[in-house]
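Right, one structure below, let's go through it.
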2 protein chains.
Amino acid sequence: MKNKEIYRDDNKDSRVSLSIGRFIMQLRRLERSPRSFGAAGPLTPGEIHTIAAIGCKEGILMGELAARLGVTKGAATQMASRLEVKGFVRRAPDPADARATVISLTQTGLLAYQAHEELHRRFCQKISACLSSHESEIFVDCLDKLCEALEE
Amino acid sequence: MKNKEIYRDDNKDSRVSLSIGRFIMQLRRLERSPRSFGAAGPLTPGEIHTIAAIGCKEGILMGELAARLGVTKGAATQMASRLEVKGFVRRAPDPADARATVISLTQTGLLAYQAHEELHRRFCQKISACLSSHESEIFVDCLDKLCEALEE
DNA sequence: CAACTATAGTTTATATGCTAAACTAAACAG
DNA sequence: CTGTTTAGTTTAGCATATAAACTATAGTTG
């Protein structure tokens, strides 16, 4: 009886961990492929994530961008440079602090940003179609708990 | 009233999408740092994942390894080469098919594998401590649903 | 005020983790 | 037997970072 209980616990946890593993694989798959956003031509995952982060906040500074993306300032600078060359963003000195750089989207960048937002909206709709309110709540709760657990 | 309903729906879905986003950031953070497994010295995420995939199945073929990891055969070969140089795996021709290569763990590789398994066990216990049976069930269900949705 | 420290961003070199393409040898099909 | 497919390997290149070194600016202290 007691043994059976332990068995069930183990089974439950590896079911969860298996599903998490699959979810992660799926996320990885999605994260790997360049795709088109608007009329902007193909953009790598990193590029569109950066555009999205810039589009979220008017007049973001380079250091803020780095923080938002969770990368080093060097990485953010390199990506911003690349997107500037491609015509998606503009860099300008910050009037309030001569050391700082303000990054903004060009018209092309804005198109890409908007296309990404639309995709995001579609994703949210998909979630809506899949999960009930109750499920969503529990899912968010579990995922947040998992994130906390992963902190250690 | 109807408008309010839509508002609530949007809020629900962006809660989910926000949590997923956070989860992804956390995964990224974890995926970036080499760590020690057993007495094996530091191993990159890719290395330990490959060791884990090899350890899972006795006498895995290179193509199977690639499939399991969700990468190209070329990528699998390169990683196996690297791990062979480091002494974690062995490569041998498959007796059943001269084109094929069988990959197995060395003693060092096995130590790393076992250490990773122990970590995995700890993770499962952590999940156990965090989530009730009911939560787990719903969580798994949601994850599986989202995986399917993400296929498109 | 000057000297020192901290900070923002940039640049460079390097590592990790892939992919595609080209190639070789073996297996399979007709 | 010939032609096609398949397994693995190798090479070149790309994406996405990091650390370190650097320059210029801002802040702090005496």
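To find a chain, count down the sequence lines: A is the first, B the second, and so on, and within it residues start at 1.
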What integer distance in Å separates B/Lys73:NZ from C/dA22:P? 15 Å

If you look at every strand shown and take non-hydrogen atoms under 4.0 Å, does A/Asp97 touch a base, only sugar-phosphate, or nothing? sugar-phosphate

Separation of C/dC18 C1' from B/Leu83 CG (nearest whole Å): 15 Å

Between D/dG8, C/dA27, C/dG9, which nucleotide gets closest to the side-chain atoms of B/Leu61? D/dG8

Nearest-nucleotide wise, let me know which of B/Gly74 and A/Ala76 is further upstream toward the 5' end of DNA chain D. B/Gly74

Please tell me which of the listed nucleotides, D/dA17, C/dT10, D/dT25, lies nearest to the side chain of A/Ala98? D/dT25

Between C/dT10, D/dA17, D/dA15, spot the one nearest the side chain of A/Arg82, thanks. D/dA15

At 4.0 Å (heavy atoms only), tell me whether B/Gly63 reaches a base, stays on the sugar-phosphate, or touches nothing. sugar-phosphate

Could you tell me how far apart B/Ile24 (CD1) and D/dT16 (C1') are, to the nearest whole angstrom? 16 Å

Would you indicate which nucleotide in D/dG8, C/dC18, C/dG9 comes nearest to any side-chain atom of A/Thr77? C/dG9

I need the CD-C1' distance between A/Glu64 and C/dA8, as an integer number of Å. 11 Å

For atom NE2 of A/His49 and atom C1' of D/dA15, their distance in whole Å: 13 Å

Grab the CD-P distance between A/Glu47 and D/dC14 for me, whole Å please. 13 Å

For C/dT10 and A/Arg91 - does any side-chain N or O of the residue sit under 4.0 Å from the phosphate oxygens OP1/OP2? yes

Looking at C/dT10, C/dA20, D/dG8, which one has an atom nearest to any side-chain atom of B/Gln78? C/dA20

Kindly indicate whether the side chain of B/Phe139, heavy atoms from C-beta on, has any atom under 4.5 Å from the side chain of A/Val16. yes

What I want to check is whether the side chains of A/Glu47 and A/Thr50 have a donor and an acceptor closer together than 3.5 Å. no

Among D/dT10, D/dA17, C/dA26, which nucleotide sits nearest the side chain of B/Ser81? D/dT10

Between D/dT6, C/dT19, D/dA19, which nucleotide has the shortest distance from any of its atoms to the side chain of A/Thr72? D/dA19

Cluster overlap B/Ile138 with A/Phe23, hydrophobic side-chain contacts below 4.5 Å: no

Over how many whole Å does the gap from A/Leu69 atom CG to D/dT16 atom C1' extend? 11 Å

Rounded to whole angstrom units, what separation is found between the CE atom of B/Met79 and the P atom of C/dA15? 14 Å

It should be established whether A/Arg99 places a side-chain nitrogen or oxygen under 4.0 Å from OP1 or OP2 of nucleotide D/dT23. no

Base, sugar-phosphate, or nothing: which does A/Ala75 touch, judged by heavy atoms less than 4.0 Å apart? base

Using the side-chain heavy atoms of B/Thr44, tell me which of these nucleotides is nearest: C/dG9, C/dT16, D/dA7. C/dT16

A/Arg15 with B/Glu137: basic N within carboxylate O range, under 4.0 Å: no

So, are A/Arg122 and A/Glu118 salt-bridged, with charged N and O less than 4.0 Å apart? yes

Salt bridge between A/Lys57 and A/Glu64, side-chain N to carboxylate O under 4.0 Å? yes

